J.: 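For reference, the structure I am asking about is given below.
Worth saying up front: this structure is predicted, and the values here are computed from it rather than measured.
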Amino acid sequence: MRWSPGWRLCILSLGLTAAPIAQALDVEIDGLDGPAADNVVLYLDAIEPSQYREERLMAKVRNQTLEAMRVYGYYEPSVEIRFTGDPIDGAELSITPGERVKITVLELAVTGDAEQDEAFDSVLANPGLAVGEPLLHAPYDSLRSKLSSLSLQRGYFDADFPDRRMEVRPWEQSARIYLTLDSGPRYRFGDIVIKGSQIDEDRMRRMLPFASGDPYLAGQLAQYNQRLSQSNWFSSISVRPRLDTASDLALEPPSGRSLSPWWQEAGLEGAVAATESAEARRINQPALIAAGRLNPDQRHEVPVDVTVVPADRHRFEVGVGYATDVGPRTRLSWTQPWLNSAGHSLTNELFLSAPEQEFSGEYLIPLENPLRDSYRIDYGFQQVDNEDTQSLEISTEVSRRWKFDDGWTQDVFVRTTYEDFTQASEDDQVLLYYPGISWSRTRSRNPIFPTWGDRQRLSLSYSDTTWGSDATFLRATLDTQWIRMLGDDNRFVGRVGMGVIESNDFDKIPPSLRFFAGGDSSVRGYGYESLSPENADGELTGGQQLFTASLEAQRRVTGDWWGAAFVDTGNAFSAWGAPELKTGAGLGVRWISPVGPIRFDVAHPLDDPDNAYRIHFSIGPEL
């Protein structure tokens, strides 16, 4: 009878399905425990008893056991083996480990240019090995790996181990370790070639953390890649070291596998890698490498190729959300990440909600160090209708920004504001000119839902009728927020906010500069900006001082779900002497969703018995 190919395939599939599943050896150990015993089990777990005759299985188990114990310094153990099951599916091992081999000689050295490199001194100062300690193979292997990796990271591409010995004498229970790294010369950065940039080359070179002739550091290539990415000027970035310019002419090996060293093959690349022309290759690569060894490059330089692709000229984003403070809200943004070869950028945003409508823009002019120094021109139009506040505000601001190595940002600004407002029974139109200065810093780990982070901001501004402003005042604000974890499942969030206005023209101070408290990010349990001094008719007037504080404890319930308990307190008031603080407390739920953290809180206003509870709901990061 003749079987068709389809029938034969079906029969083969049934045969494979019916085949017995390989069974690992079940191991029990007596006389040995701890990491060495765990390692024996790990070694023997890969043995399938059905693949061996009993004699061969006995030898295999014994050899694997001895090998597993050697890496923990047991070189002369006694091992008795008894198999169980029919067919064999288990093994009972009775082990007498004997004395462990200890390190009696430890000679570690670095020669070559790296002998004067402090980075290698720190590795040798803590090698993980010490005379008199039991011999462990893992720290020895780790030390070799650290020295090799450090050599490549710091430009010692010719590094080698001329002396690499571990002499074990089991009869003496001793081990002698000799490890010498000859680093050879340290390579330096060579020519830096930038291709594809729409931004002035001198501006891109100012962002370099290294210069031609500096000692090679792989980390500085990553740092430059990150800086270019933070500029938002490019959609693709490739920063690649190039050890051998002649290798670009080499033909690929017949197998298709490159013979180039890894530091030439691997680059810190963006979405698109630069391609090479196959027609330009003329010399066989193995022959080229051999020729290079006969006549090595004495300059020991590493050229760097930087290839970028410009980002799109226009970016549009639409965001829709909801918060109990403002209800449904929509945000539209239009960003032009680069307008010209100097890297200027422009961002416009439109924010719409029931109580507030705002249009704002920012024109950014990067200076000599584009990521640290810049001028900014901000402009905006805002309309507010909330509680006892009605306001129409038009403003412009020119600022100079510095970013420092410690993470702080300093802004020096001059702001012009025209505001037509009604606040309670006050109705006015004011034109204010006021300079100011602010310092801010935000740090976080895992920005979406920080496990550690903090934010600080201090701002000072001053207005005076001397230069034509409609009011004289000094305004200062301070905000700080902290996030810390206790273990993996307990998270704490603390927040303090303060503000003060010193002025004899408070009736000329518009609502945008007065202080109000209450709401999702202020004092929960009270409405959005519903806390402030009141006039005789019970209408909100806004305060000259502000104080708010919050403490929240969160506990992981399961996965991305957290429970929260919190207490908020604060108010806006007219004098520090006897502030009337309002306090709210409640419980909440936090969910780390794909679009960001979602917070749902139920808060009780402890100082307002007429309102039993208030629900607060918001989406977005806390810092």
J.: Side chain to side chain contact (heavy atoms under 4.5 Å, CB included), that's the test. Do Arg475 and Leu513 meet it? Break it down for me.
T.: CA-CA 8 Å; Arg475 187 176 189 270; Leu513 295 177; 3.9 Å; yes
J.: For the residue pair Tyr462 / Asp464, report whether a side-chain donor-acceptor contact shorter than 3.5 Å exists.
T.: yes
J.: For residues Asp378 and Tyr363, is any side-chain donor paired with an opposing acceptor at under 3.5 Å?
T.: no
J.: Please determine whether side chain to side chain contact (heavy atoms under 4.5 Å, CB included) holds for the pair Asp470 and Leu432, giving the CA-CA distance in whole Å, both sets of side-chain angles, and the decisive distance to 0.1 Å.
T.: CA-CA 6 Å; Asp470 286 341; Leu432 304 175; 4.3 Å; yes
J.: Assess, by modelled atom type and distance only, whether the side chains of Asp520 and Ser618 contain a donor and an acceptor separated by less than 3.5 Å.
T.: no
J.: Let me know which of Arg491, Arg495, Arg524 forms a salt bridge (charged side-chain N to carboxylate O under 4.0 Å, His left out) with Glu552.
T.: Arg524
J.: Measure the spacing between CZ of Arg203 and CG of Asn369 and express it to the nearest 0.5 Å.
T.: 10.0 Å
J.: Is there a donor-acceptor pair under 3.5 Å between the side chain of Ser353 and the backbone N or O of Arg329?
T.: no
J.: Would you say the side-chain atoms of Tyr528 and Glu356 include a donor-acceptor pair closer than 3.5 Å?
T.: yes
J.: Between Ser231 and Trp233, is there a donor-acceptor pair closer than 3.5 Å when you use the side chain of the first and the backbone of the second?
T.: yes
J.: Would Tyr224 and Leu221 count as a side chain to side chain contact (heavy atoms under 4.5 Å, CB included) if you check the C-alpha gap in whole Å, the side-chain angles of each, and the deciding distance to 0.1 Å?
T.: CA-CA 5 Å; Tyr224 186 49; Leu221 295 176; 5.9 Å; no
J.: Closer than 3.5 angstrom, by distance alone: can the side chain of Ser374 be matched with the main-chain N or O of Ile365 as a donor-acceptor pair?
T.: no
J.: Please find the pair of heavy atoms, one from Met485 and one from Thr451, that lie closest to each other, and give the distance.
T.: CG-O, 2.8 Å
J.: Is it the case that the side chain of Arg372 and the backbone of Lys403 share a donor-acceptor pair, with hydrogens and angles ignored and the cut-off at 3.5 Å?
T.: yes
J.: When rounded to the nearest 0.5 angstrom, what distance separates CG in Asp411 from OG in Ser399?
T.: 5.0 Å
J.: Name the orientation class of the two ring planes belonging to Phe210 and Phe189 (parallel below 30°, tilted from 30 to 60°, perpendicular beyond 60°).
T.: parallel
J.: Do Ser440 and Gln456 have side-chain atoms, one donor and one acceptor, less than 3.5 Å apart?
T.: no
J.: Counting distance only, does the side-chain N/O of Thr416 pair as donor-acceptor with the main-chain N or O of Thr396 below 3.5 Å?
T.: no
J.: Does the gap between the ring centers of Phe449 and Trp562 come in under 6.0 Å?
T.: yes
J.: For the pair Asp113 and Arg186, find out whether any cationic side-chain nitrogen is under 4.0 Å from an anionic carboxylate oxygen.
T.: no
J.: About how many Å separate OG1 of Thr442 and CZ of Arg455, when rounded to the nearest 0.5 Å?
T.: 6.5 Å
J.: Answer yes if the side chains of Tyr216 and Arg188 hold a donor-acceptor pair under 3.5 Å, and no otherwise.
T.: no
J.: Taking the six-membered ring of Tyr375 (Phe, Tyr or Trp), confirm whether the NZ or CZ of Arg400 is under 6.0 Å from its centre and within 45° of its axis.
T.: yes
J.: Please give me the minimum heavy-atom distance between Leu474 and Ser461, naming the atom from each residue.
T.: CD1-O, 3.4 Å
J.: Check the pair Phe359, Phe381 against ring-ring contact (aromatic ring centres under 6.0 Å, His included), reporting the backbone distance first and the verdict last.
T.: CA-CA 5 Å; Phe359 172 78; Phe381 168 91; 8.3 Å; no
J.: Can you check whether Ala211's main-chain N or O pairs, donor with acceptor, with Asp214's side chain at less than 3.5 Å?
T.: yes
J.: Any side-chain donor paired with an acceptor under 3.5 Å for Tyr379 and Asn348?
T.: yes
J.: Is it true that Asp479 and Arg457 have a side-chain N and a carboxylate O under 4.0 angstrom from each other?
T.: no
J.: Can a donor-acceptor pair be found, under 3.5 Å and without considering hydrogens, that links the side chain of Ser212 to the backbone of Gly190?
T.: yes
J.: Apply the test side chain to side chain donor-acceptor pair (under 3.5 Å) to residues Glu115 and Ser183: give CA-CA distance (whole Å), side-chain angles for both, the deciding distance (0.1 Å), then the verdict.
T.: CA-CA 8 Å; Glu115 188 174 0; Ser183 70; over 6 Å; no
J.: A cation-pi test, strictly: NZ or CZ of Arg313 under 6.0 Å from the centre of the six-membered ring of Trp338 and no more than 45 degrees from its axis. Yes or no?
T.: yes
J.: Grab the two heavy atoms, one from Ile509 and one from Phe421, that are nearest each other, plus how far apart they are.
T.: O-CZ, 4.1 Å
J.: I'd like to know if the side chain of Asn340 and the backbone of Gly343 have a donor-acceptor N/O pair within less than 3.5 Å.
T.: yes
J.: Any carboxylate oxygen within less than 4.0 angstrom of a Lys/Arg side-chain nitrogen, looking at Asp305 and Arg242?
T.: yes
J.: Does any donor atom in the side chain of Thr480 or Trp482 lie under 3.5 Å from an acceptor atom in the other side chain?
T.: yes
J.: Apply side chain to side chain donor-acceptor pair (under 3.5 Å) to the pair Ser463 and Ser469, showing each step before the final yes or no.
T.: CA-CA 7 Å; Ser463 173; Ser469 189; 2.6 Å; yes
J.: Given Arg154 and Asp117, is the salt bridge (Lys or Arg N to Asp or Glu O under 4.0 Å) satisfied, shown in steps?
T.: CA-CA 9 Å; Arg154 300 183 68 81; Asp117 194 327; 2.9 Å; yes
J.: Tell me whether Ile448 at atom CD1 has more than 12 heavy atoms from other residues, nucleotides or ligands lying less than 6.0 Å away.
T.: no
J.: Centroid separation under 6.0 Å, is that true for the rings of Trp561 and Trp591?
T.: yes
J.: For Gln198 and Ser341, which I'm curious about, is there any donor-acceptor pair between the side chains at under 3.5 Å?
T.: no
J.: Which heavy-atom pair separates Leu367 from Arg206 by the least distance, and what is that distance?
T.: O-NH1, 4.2 Å
J.: Begin with the C-alpha distance, continue with both residues' side-chain angles, and end with the deciding distance and a verdict on side chain to side chain contact (heavy atoms under 4.5 Å, CB included) for Glu358 and Leu350.
T.: CA-CA 6 Å; Glu358 180 181 5; Leu350 177 64; over 6 Å; no
J.: Considering residues, nucleotides and ligands other than Trp334, do more than 12 of their heavy atoms fall under 6.0 Å from its CH2?
T.: no
J.: Quick check: do Ile394 and Thr417 have side-chain heavy atoms less than 4.5 Å from each other?
T.: no
J.: Between Arg484 and Asp454, is the salt bridge (Lys or Arg N to Asp or Glu O under 4.0 Å) condition met? List the steps.
T.: CA-CA 9 Å; Arg484 295 293 186 267; Asp454 52 63; 3.5 Å; yes
J.: Keeping Arg205 on the side-chain end and Ile192 on the backbone end, is there a donor-acceptor pair under 3.5 Å?
T.: yes
J.: Where do Gly407 and Arg441 come nearest, in terms of heavy atoms and distance?
T.: O-CG, 3.4 Å
J.: Donor-acceptor check, side chain of Ser149 to backbone of Ser145, threshold 3.5 angstrom: yes or no?
T.: yes
J.: Is there a donor-acceptor contact under 3.5 Å linking the side chains of Gln410 and Trp402?
T.: no
J.: So with a 6.0 Å cut-off around CG of Asp202, is the heavy-atom count from everything else above 12?
T.: yes
J.: Can you name the closest pair of heavy atoms from Phe120 and Leu181 and give their distance?
T.: CE2-CD2, 3.6 Å
